[in-house]
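Here's the structure, in structure tokens; my notes come after.
Everything numeric in this text was worked out from a predicted model, so none of it was measured.
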Amino acid sequence: MFCSSHRGPAGTCRKKKEARLYVCGITPYDATHLGHAATYVAFDVLQRLWLDAGIEVTYVQNTTDVDDPLLERAAATGVDWRELATSQIDLFRSDMEHLRVLPPAHYIGAVESIPEVVEAVTALVDSGCAYTLDNGDVYYRVSSEVEPPFGSVSHLTRAEMLPVFAERGGDPETPGKEDPLDPLLWRAARPGEPEWDGGRLGPGRPGWHIECAVIAQRYAGLPLTVQGGGSDLAFPHHEMGAAHAESLTGRPFAEAYMHVGMVGYEGEKMSKSKGNLVIVSRLVEQGADPMAIRAVLLSHHYRSDWMYVDGLLEDATARLEAWRAAAHAGTDKEEAEELVAELRAVLADDLDTPAALDLLDNWADESDDGDSDPEGTRLVIDAVDALLGIDLR
Ligand SMILES: [Zn+2]
């Protein structure tokens, strides 16, 4: 599946194995909360597992550094939108470093991609997949024929799509649209909003989905091995991005879509309006070991929705201490090799990180310093680092 030249039975692949991973990045208007962290740590484990298997990974992530939520927050707080974006991108990067998330090979902003977006939107208009309203806004026709067909990413029916579209940034009510589901590709300039030269499109700024379609195509290459993000991105964002790219290239956007579950707090959805966001940088400031935060995230399977409760961090800190004590006591080489093989096996089974942490618990329970050897100890520490991104040194 991950080999570009592989067409025959397993083992017949001769060319280098490669994977193209595109994960939707943040809109930088607020600090990283645990839900974001869960997403980027899940894809970090995927990248680590691929690298461990000798697969060459091209990992691309965008940052939506111009969009409505960012401009609204900037206006509400009286901060220049560019300054807000820069400061939040810096904070996000520092959070990712704390959590030992390997950086993507390409971290690309929407603003720097505007010339490519203009080119793509113009091509969509020229091919009849997009149309322009009287006010200059350009919309994509969801009725455009694409392969696989529209709806294949989210598996939602049209009736299910409509309310979700309205909830997640879509504008079904906009007058003049051919279909309420048609998404914005290019927003014509408005007074007081940033704008860029759009050539024949006129001045304006990009829509959200086209940004990812264009960045993924340019920096990762299509088809992506995996297009990823939080489960709230499946529709409309990934559905629309895939359709845009498929209209532009005539080929499937991605071989697989991986969506990470949502994280709530103490029984409620985490949201800015409820004021219950668990912010990574705040936990670190309060003295939490970032490796314990990472262990909390890894103790839940990436596909499940789960609740963060305050005791989880203490539990993870205790587990981490036990693993570190075991690593310090040392381990027999044969046991170490067995543990590493088991870790690889459970992670290869749909990234079962909770099972991987259970294996570490068992190993720590059974370890005693009577039969350790330095080679075994090093093997475990290196594997836990390489596969799970947890530093036991
Ligand atoms: Zn995206």
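- Residues Arg344 and Asp52 have side chains in contact (heavy-atom distance under 4.5 Å, counting atoms from C-beta outward).
- The pair Arg378-Asp373 fails the salt-bridge criterion, with no side-chain N (NZ, NE, NH1 or NH2) lying under 4.0 Å from an Asp/Glu carboxylate O.
- Closest non-hydrogen pair, Val117 versus Pro206, comes out as CG1-CB, 3.7 Å.
- Aromatic ring orientation, His244 versus Tyr140: perpendicular (interplanar angle above 60°, classes split at 30° and 60°).
- Taking the six-membered ring for Trp and thresholds of 30 and 60 degrees, His300 and Trp306 have nearly parallel ring planes, at less than 30 degrees apart.
- Leu99 and Ile89 fall within the same hydrophobic cluster, where Ile, Leu, Val, Met, Phe, Trp and Tyr residues are linked whenever their side-chain heavy atoms come under 4.5 Å apart, directly or through other members.
- At least one donor-acceptor pair closer than 3.5 Å links the side chain of Lys177 to the backbone N or O of Asp182.
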side-chain hydrogen bond (donor to acceptor under 3.5 Å, both in side chains) assessment of Glu211 paired with Thr64: CA-CA 8 Å; Glu211 161 195 344; Thr64 306; 3.1 Å; yes
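- Ion pair Asp391/Arg294 not flagged as a salt bridge, since none of the NZ, NE, NH1 or NH2 atoms sits closer than 4.0 Å to an Asp/Glu carboxylate oxygen.
- Ring geometry, Tyr257 versus His238: the interplanar angle falls from 30° to 60°, so the pair is classed tilted.
- Under the 30°/60° scheme for interplanar angles, the aromatic rings of Tyr265 and Tyr308 are found to lie parallel.
- A salt bridge links Asp30 and Arg73; the closest N-O separation between the charged side-chain nitrogens and carboxylate oxygens is under 4.0 Å.
- In this structure, Asp385 pairs ionically with Arg100, as a charged nitrogen and a carboxylate oxygen lie closer than 4.0 Å.
- For the pair Ile108/Arg218, no side-chain contact is recorded, criterion being any heavy-atom separation below 4.5 Å from C-beta on.
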